[in-house]
Amino acid sequence: MKTKIKLIVLAAAQKAFEKGLLPSDQIPDMEIEEPKHNLQGDFSSNFAMVSAGLQKMAPRKIAENIVSNIEPQDYIEKIEVAGPGFINFFLSNCAWYPVVDQVLEQDKSFGASNMGAGQKVQVEFVSANPTGPLHVGHGRGAAVGDAVGNILSFAGFDVQKEYYINDSGRQIRTLGTSVWLRLLEMEGKEIIFPEDCYKGAYIKDLARNLIEKEGKNFSNQDEETAISLCAKFAADKILGGIKSDLSEFGVTFDNWFSEQSLYDSNRVQKAIEDFTARDLIYEEEGALWFRTEDFGDEKNRVVVRNNGLTTYFASDIAYHGHKYERGFDRVIDVWGADHHGYIKRIDAAVVASGTKSEQFEVILVQLVNLLRGGKPVQMSTRSGEFVTLKDIVDEVGMDAARFMFLSRSYDSGLEFDLELAKQKNSDNPVYYVQYVHARITGILLKARDEGLVEQIEFQKGEQLEMLTAPEEIKLIKLLAGFGEQVEKSADTLHPHVIFTYLMSLASAFHGYYNKYKVITDDKAVSKARLSLVLAVKKVIRNGLYLLGVSAPERM
RNA sequence: GCGCCUGUAGCUCAGCUGGAUAGAGCAACGGACUUCUAAUCCGUAGGUCGCAGGUUCGAAUCCUGCCAGGCGCACCA
């Protein structure tokens, strides 16, 4: 509809120019937008204002010349010039009816777009070290990454969701040591538990599991062997837990990528050699440094320490290089905001490997403040005790948790109130939206029982011209705008755009529902309203799907 | 000190790729169920868009400088 209006304006501008009413046929960047107030029409063009300088003419005068040259259309009721020179279009109701049929026909693909044109995109998210269970922050990252993936895919991108497993290096060894020490402790030995070891209660559980599995005499082994066995056992176990927690959270990955595999295939080594050969890496004080400064970083970064061990950054260089080798045009990493200092150096690695900086994007997800009834939930990093993602999903449910995580822009910190997320009323946005879906199903079931419709699903609207109430037209307009919101969400990589959209659609529906009966004595009106309401149901479902939230038939 | 994010109603936040009278939810107050699900709706009230400049027909939105809060600034991951 927007593009239609735009073409009309352009045609009128051309005509006005030919008639000599406009001095120039230059067309500036103009916008067709939906005004906030109904009095200002359904669509509005700022053409006159943005071309004022070009035409050397007063905006209102330009607007009038445009309006007088617009071909009349049956779906346009009137056109006005208003304010500083807006051209406002008022559409007749019949302009909107086709939207209902589009929704019903296109069904699950309504709102989809081809803006991505099949471009290959990888979204990497969560990627938590397998050294402990996922916590709240990971939950937000998981919800965001998963939703961004869904949205990009719906917008026509070829998306792969990936989890990077840091299954190599020092933190895994530390994990092994932690478990080993707890194990010795359980067997009555005196131990000193170092500061840098993992302190959570889950470490003791792992030690216990290991004793059960391997028997009592495990501690007699040579320490080195024991620690690496502990590490392997613990990492596998924890990763298994992470996978199952994520799947209970409704998050699935297309690929789990192992850091260790980069070493096994010599990719890390090759990356270092390649950069060294190109003088991007130099030696100083026994360590190898990558000249990230040359790419805009504050200082150069170590890739191999003077003890010969590679840093995490070294495998990250190889990892990101490998992503592009796998054919991704765009790579999106979802990180916690506390990692922002890392962006420049990865960007340096990407650019040094011959990829354009624009092909690498980082979504920084701000921190989550966990509350219970408005009061902060105590989380002690010292003792290693924290509220896990699993705790939250168990307590409030997957749908409520996901919806809450996606309710705000990830650029802002998030207050997550467990009490609020559990409430089953309008305070809790997830039920507000899901309720629309369930309510409509109820209506459709009743309509079927009364013989008004054969099935609760159908592909063609009926008697749509009976939809004349302003609330009905407003609903259709909202449906018509879904695709644009999907594109905006995909373009900005911000899933909360979909959240906001769903809230306004739900609000419009609930208002309508309370004011009008869908099933009335008038058969034609009932059929029209059933068509509209089914369309609303489908769009709600499509939107919820993008956020990874279920659309229940009954509540 | 440097970098990233944030500052909008009492609270939590939308709006920020510039548009007309800045929106929603909660909290407050007053209403609506013999009705397709009240997990809902309707109404009232609530604002120097952190502060100061600048850009222009027009700034919550863009630029600069302050102020405040969060998070980072390792041969850690």
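Chain letters run A, B, ... following the sequence lines, proteins first and then strands; every chain starts at 1. Since the model is a prediction, treat every value here as computed from it, not as a measurement.
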* To do: Please tell me which of the listed nucleotides, B:C4, B:A77, B:A39, lies nearest to the side chain of A:T311?
  => B:A77
* Close residues, residues 526-539 of chain A, relative to RNA chain B [heavy-atom separation under 4.0 Å] -> none
* Is B:C63 in the syn range, within 90° of 0, or in the anti range? -> anti
* To do: Identify which one of A:E472, A:E471, A:K474 satisfies the side chain to side chain donor-acceptor pair (under 3.5 Å) criterion when paired with A:Y512.
  => A:E472
* To do: Flag the pair A:E553 and A:K537 as a salt bridge only when some basic side-chain nitrogen lies within less than 4.0 angstrom of an acidic carboxylate oxygen.
  => yes
* Per A:A287 side chain, nearest of listed nucleotides B:C71, B:C5, B:C75 -> B:C75
Under 3.5 Å, which N/O atoms of the protein pair with N/O atoms of nucleotides 10-19 of chain B?
residue, atom, partner, partner atom, Å
B:C13, OP1, A:G413, O, 3.2
B:C13, O2', A:R408, NH1, 2.7
B:A14, OP1, A:S409, N, 3.1
B:G15, OP1, A:H496, NE2, 3.0

* Identify whether NZ of Lys or CZ of Arg in A:R330 sits under 6.0 Å from the centre of the six-membered ring of A:F157 and within 45° of that ring's axis. => yes
* Can you check the A:Q366 CD to B:G69 C1' distance for me, whole Å? -> 12 Å
* B:A20 base to A:S44 side chain: any donor-acceptor pair below 3.5 Å? -> yes
* Would you mind classifying the nucleic acid contact of A:H37 as base, sugar-phosphate or nothing, using non-hydrogen atoms under 4.0 angstrom? => base
* **A:D297 CG - B:G72 C1' separation (whole Å)** => 13 Å
* Counting N and O atoms only, with roles assigned by atom type, does the side chain of A:T276 sit under 3.5 Å from a partner on the main chain of A:I281, one being a donor and the other an acceptor? -> no
* What are the two closest non-hydrogen atoms of A:R140 and A:Y410, and how far apart are they? -> NH2-CA, 3.4 Å
* In whole angstrom, what separates A:Y312's OH from B:A77's P? -> 9 Å
Can you give each donor-acceptor pair under 3.5 Å made by side-chain atoms of residues 52-61 of chain A, sequence neighbours left out, with the distance rounded to 0.1 Å?
residue, atom, partner, partner atom, Å
A:Q55, OE1, A:S24, N, 2.9
A:Q55, NE2, A:S24, O, 3.1
A:R60, NH1, A:G83, O, 2.7

* May I ask you to say what A:A82 touches in the nucleic acid, namely base, sugar-phosphate or nothing, with a heavy-atom cut-off under 4.0 Å? => base
* Please work out if A:N369 contacts a base, only the sugar-phosphate, or nothing of the nucleic acid, heavy-atom cut-off 4.0 Å. => nothing
* Asked: If you look at every strand shown and take non-hydrogen atoms under 4.0 Å, does A:L364 touch a base, only sugar-phosphate, or nothing?
  -> sugar-phosphate
* To do: Indicate the atoms forming the closest heavy-atom contact of A:F90 with A:N38, along with that distance.
  => CE2-O, 3.8 Å
* Write out the stems for RNA chain B, ordered by first number and formatted as range with range, counting runs of at least 3 consecutive Watson-Crick or G-U wobble pairs under 3.5 Å. => B:1-7 with B:67-73, B:10-13 with B:23-26, B:28-32 with B:40-44, B:50-54 with B:62-66
* To do: Grab the CG-C1' distance between A:D411 and B:C5 for me, whole Å please.
  => 7 Å
* To do: Classify the nucleic acid contact of A:A58 as base, sugar-phosphate or nothing, counting any heavy atom under 4.0 Å across all strands shown.
  => nothing
* To do: Could you please name the option among B:A20, B:A77, B:A39 that lies closest to any side-chain atom of A:Y431?
  => B:A39
* Spell out, as yes or no, whether a donor-acceptor pair under 3.5 Å connects the side chain of A:Y163 to the backbone of A:A128. => yes
* **Stacking of A:H339 on B:A77 base (centres under 5.5 Å, planes under 30°)** => yes
* Asked: Is A:R439 positioned over the aromatic face of A:Y513, cation under 6.0 angstrom from the ring centre and no more than 45 degrees off axis?
  -> yes
Restricting to nitrogen or oxygen on both sides, can you table the protein-nucleotides 34-36 of chain B pairs closer than 3.5 Å?
residue, atom, partner, partner atom, Å
B:C36, O2', A:I443, N, 3.4
B:C36, O2, A:I519, N, 3.3
B:C36, N3, A:V518, N, 2.9
B:C36, N4, A:Y513, O, 3.0
B:C36, N4, A:Y516, O, 2.4

* To do: Report yes if a donor N or O on one partner sits less than 3.5 Å from an acceptor N or O on the other, where the partners are the side chain of A:N306 and the base of B:C75; otherwise report no.
  => yes
* Ion pair A:E450/A:R448, N-O distance below 4.0 Å -> no
Is there any protein nitrogen or oxygen under 3.5 Å from a nitrogen or oxygen in nucleotides 1-3 of chain B, and what are the pairs?
residue, atom, partner, partner atom, Å
B:G3, N2, A:H340, ND1, 3.2
B:G3, N2, A:H340, NE2, 2.4
B:G3, N3, A:H340, NE2, 3.1

* Asked: What nucleotide, of B:A77, B:A74, B:A39, holds the atom closest to the side chain of A:K299?
  -> B:A74
* Touch class at under 4.0 angstrom, heavy-atom based, for A:F313 against every strand present -> nothing
* To do: Please report the shortest heavy-atom distance between A:F416 and A:A401, naming the atom on each side.
  => CE1-O, 3.9 Å
* Structure fact -> Between CZ of A:R554 and P of B:A39 the distance, given in whole Å, is 15 Å
* To do: Output yes when A:E33 and A:K2 qualify as a salt bridge under the 4.0 Å nitrogen-oxygen rule, no when they do not.
  => no
